[in-house]
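Here is how names work: the chains are called A, B, and so on, in the same order as the sequence lines, proteins then strands, and each is numbered from 1. Side chains are part of it too, since the values below use all heavy atoms of this structure and drop only hydrogens, waters and symmetry mates.
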Amino acid sequence: MPLDTSTYSLALLRLDGRRWNELRRLTAQISTQASADGSSFLSMGNTKVICTVTGPSEVKAAPGASGRGDEAVVSVEISVAGFSGVERKRRGKGDKRIYEMQTTIATAFQATLFTHLYPRSTITISLHILSLDGSLLATCLNASTLALIDAGVPMRDYICATTAGSTSSYSSNDEKADPLLDLNGSEELELPFLTVATCGTEDEVSVLVMETRVQVGRLEGMLAVGVDGCKQVRDILDVVVRARGKRILEGSQL
Amino acid sequence: MPREVEPSLNEKQFFVKALEENLRIDGRAFDQYRELDLEFGDELGVTDVRLGKTRIHTHITAEVTTPFPDRPFDGLFTITSELSPMTSPFFEPNRPSTTEILLSRLLEKTLRRSGALDTESLCLIAGQKCWSIRADVHVLSHDGNLVDAACIGVLAALQHFRKPDTSTEGESVTVYTLAEREPVPLSLLHFPYCVTFSYYSSTVEEGETVTLLDATLLEEQLREGSATIGINRHGEVCQIAKLGGVPLDAVAFLGCVQIALVKVKEISVFVSKRLEEEAKKRDKGGLMAELSAENDRVS
């Protein structure tokens, strides 16, 4: 069902009233679950994710099955709630798309965490998706970053992610196409978009996933807007982490 | 499940040392593919791709089925990939490994989601009958870079394949055998090929990343990050998958996309050349010449 995004060129406002470079409301909480080693709740617009981190803990399975001897292994479990979408749907575990997301998050953090400090152990990230409205992978990555910080696992820098799209479809060759930041669910259905995650404040791209067709010339603009959005996300996450740190310090002075 | 054998410390150090001296173990340049070879089977829609020691067999089949109720005008196109224990003892049957799932996802995204095959042309009677095209990808030998090789294999097979001709009269469809009517080629809209980059950062000096194309199995096991770019020769990027791994500068990544475009143009030329040669070999001068009982005269 095609949506009508043609009104964009008139007022330069998107379906939900944002301009091209505006993020949706991003709220984050850290340390939400008392029982987990680290946890977070993050919502980007109407996409909401709870993340809990267990570990670094001893490898539970038979030794040699999965754990590499010299460094910790990051494993990710994603569960999509049945009520997350518009229609109630039971999602099986064998979904290849979810499996791909799990490996993406795991390998992204494997390269950013100081895993060599924890030989023969695993760090388990479990993500519970409560509500789905676009930018799913980006929300999961951001939530995992916060939960891992809460768990106190040393890492090089924050992994922050957003999506970026383009107002033109792949076929039309109009020069006026604007890049868009942080697409919602209905925009994702219609427009070409990519998910980009950066590590730190430099333009270091850690994850880049695109599944739609787009002209090669348009990629640069989309990537630039996405990387810029990641910096905005990083600032928001940083505020949350610092506020938490401050609270802990105040608590210890009592 | 038996665990995959990791490269030994010696192999690793040798590889790193060579990389520091700008050398690859098999002596290739950093952006050079291994020797690519494409053979066609006796049947239509069978290809055998060899990329160095990697070997992939692809088989296309077509049958008439009912379309999905929510998409009555679209035919079906499925890609199934299989990594059997024949390829390596670390693959178990009926238990897909990560390599296999990622391979099938990448093929799916590059070929199916980008609309390489026009599924609407596979419709026979809306909502009742359509063609189901199935591509079986069998990895016969795994020496790295399965995605690129499988993509070449499937696309070449799709171009080589001919489906039986049909005619529709009202509600009845007649499918003609290959002898009755010349079979028709599939309608392909564009040809997206994959190019996989492997990144190595900690092995070399600080702040520098070495990028290799067409990594062998050893190079794949030692890499710290990879990115697969699906792109067609018109410069339409169909899919990018940099699934984690070592972070890479955004500008450097755009450079990779340009390299991928150049490589894809080369691959496209190679595949169409091989297809032309194959068509010439098969063409015996029409049906009459094929049916003729006359022997070739030896003068």
For A:Leu208, which atoms come within 4.5 Å of any heavy atom of chain B: side chain, backbone, both, or neither?
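It is both, since atoms from each part get that close.
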Need one label for [X]: side chain, backbone, both or neither, based on atoms under 4.5 Å from any heavy atom in chain A.
X        : value
B:Ser104 : side chain
B:Leu248 : both
B:His190 : side chain

Quick check on the interface: out of A:Leu137, A:Thr198, A:Leu223, A:Thr104, who has the most heavy-atom pairs with chain B under 4.5 Å?
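Of the options given, most contacts go to A:Thr104.
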For each of A:Val207, A:Val205, A:Thr212, tally heavy-atom pairs with chain B at distances under 4.5 Å, and name the one with the top tally.
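Max contact count across the listed options: A:Val205.
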If you count every heavy atom of other residues, nucleotides or ligands that lies below 6.0 Å from [X] atom [atom1], does the total exceed 12?
X        : atom1 : value
B:Arg71  : CZ    : no
A:Glu220 : CD    : no
A:Phe114 : CZ    : yes
B:Lys265 : NZ    : no
B:Glu11  : CD    : yes
B:Phe73  : CZ    : no

Considering all heavy atoms of both residues, which atom of [X] and which atom of [Y] are nearest to each other, and what is their separation?
X        : Y        : value
A:Cys199 : B:Pro247 : CB-CG, 3.9 Å
A:Glu100 : B:Lys109 : OE2-NZ, 2.9 Å
B:Leu243 : A:Thr107 : O-OG1, 2.9 Å

With rounding to the nearest 0.5 Å, note down the distance linking [atom1] in [X] to [atom2] in [Y].
X        : Y        : atom1 : atom2 : result
B:Cys238 : A:Met210 : SG    : CE    : 7.5 Å
A:Lys96  : B:Leu102 : NZ    : CG    : 10.0 Å
A:Leu194 : B:Gln239 : CG    : CD    : 12.0 Å
A:Leu219 : B:Phe253 : CG    : CZ    : 7.5 Å

Let me see the working for B:Asp249 and A:Glu204 under side-chain contact (heavy atoms from CB on, under 4.5 Å), right down to the final yes or no.
CA-CA 5 Å; B:Asp249 189 58; A:Glu204 299 278 280; 3.9 Å; yes
Between B:Glu108 and A:Arg97, is there a salt bridge with N-O shorter than 4.0 Å?
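Not counted as a salt bridge, because no side-chain N and carboxylate O are separated by less than 4.0 Å.
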Taking the side chain as everything from C-beta on, heavy atoms only, tell me whether [X] gets closer than 4.5 Å to [Y].
X        : Y        : answer
B:Val237 : A:Arg213 : no
B:Val257 : A:Val216 : yes
A:Thr103 : B:Ile101 : no

